[in-house]
2 protein chains.
Amino acid sequence: MSEKLTIGKLASATGTKVETIRYYEQIGLLPAPARSAGNYRTYEGEHLRRLSFIRRARDLGFSIDQVRELMGLAGRREQSCMAVDVIAHRHRDAITRKIADLTALAGELDALIDSCSRNTVADCRIIEALGPTVDMPFTQSRAHGPN
Amino acid sequence: MSEKLTIGKLASATGTKVETIRYYEQIGLLPAPARSAGNYRTYEGEHLRRLSFIRRARDLGFSIDQVRELMGLAGRREQSCMAVDVIAHRHRDAITRKIADLTALAGELDALIDSCSRNTVADCRIIEALGPTVDMPFTQSRAHGPN
DNA sequence: TATGCACCCTCTAGTCGGTAGAGGGTCAAG
DNA sequence: CTTGACCCTCTACCGACTAGAGGGTGCATA
């Protein structure tokens, strides 16, 4: 039983912040460990395994709910892993969509940036492109000011 | 002065939710409008212009702080628009990074998904790849259960 | 033995950009 | 005069943490 860890050791072993570990315990993602005489959390190898799993899944962008699902499924070793596959695919699809969205956004921004003449704000095409009216954006508002 | 708008009209004119408009007022992004006798917000053309600007910038992914900056700059018409250009470029760079991160992630996920044999969880390579130990993930933990 | 320091504890509040709901008031039409 | 759409404020919630206050513990060193 030399595998006892303080929260700090577990944190550095998994590349997680101490606060995050306590947070995972609070939301029921990581089981509450035993406590020492001085009320310190004492983690075992099992916690290390679980937290590593959580970290890897999180690093791959799975949500906490997805991680919960994956961990639930991981325990049922004799069942089909189709459900696991489905979660992974869904996540992959979401990432595909996100990349497409960002790429479209990047295109729009590039057009905006290219149009900038780098002169004064008065004829800045970026500001122009953002505003609905071509001339006099916000000139009235200086009376009561932005913010 | 036929340009007076209720919050609902402003919302549908700009494709914003009513709650979001009130939120923008609360955080000082949109100036507080005059009130009617019945305490209704009464917006003018200027508000419409400002909110349209905000919406477009937000749709392009600028943060609220960036929108604040852009609006501050938009008023100073005689100054150089270099600062505007800088904000746009910074945002564009952030998006480039995000796309790269997501693309890398997608690659990792694809490898994971390809490796799935679609048999039982026991030999599911997805679960395996997530866990640090190849055998017996979480088998002890079923005693006190996940969550 | 005292003291210092790193580490741990709980509890609360803040981040970002809204969203949702409770519990009420206003306005115009029929 | 009632109905229903709209508006008001206030508060709490979402995800996934992060930060800080105010205190306790454990160990090494003087």
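Sequence lines set the chain letters: A, B, ... in the order given, protein chains first and strands last, and positions in each chain run from 1.
- A donor N or O paired with an acceptor N or O is found under 3.5 Å between the base of dG24(D) and the side-chain atoms of Tyr40(A).
- A donor-acceptor contact closer than 3.5 angstrom links the side chains of Tyr24(B) and Arg55(B).
- Put simply, CD1 on Ile21(A) is 18 Å from P on dA16(D), counting in whole angstrom units.
- Within the 4.0 Å cut-off from OP1 or OP2 of dA19(D), at least one side-chain nitrogen or oxygen of Lys17(A) is found.
- Between Arg22(B) and Gln26(B), the residue anchored closer to the 5' end of DNA chain D is Arg22(B), taking for each the nucleotide with the nearest heavy atom.
- The base of dG17(C) does not come close enough to the side chain of Tyr24(B) for any donor and acceptor atom to sit less than 3.5 Å apart.
- Using a 4.0 Å cut-off, no side-chain N or O of Lys9(B) falls inside it from OP1 or OP2 of dC6(D).
- The phosphate of dG25(C) has neither OP1 nor OP2 within less than 4.0 Å of any side-chain N or O from Arg35(B).
- A donor-acceptor pair shorter than 3.5 Å can be found between the side chains of Arg92(B) and Thr96(B).
- For Arg41(B) and dC8(D), the shortest distance from a side-chain N or O to OP1 or OP2 is below 4.0 Å.
- Residue Ile7(B) has its side chain nearest to dC8(D) when only dC8(D), dA16(D), dG18(C) are considered.
- Contact annotation: Thr20(B) side-chain N/O to dG18(C) OP1/OP2 distance is not under 4.0 Å.
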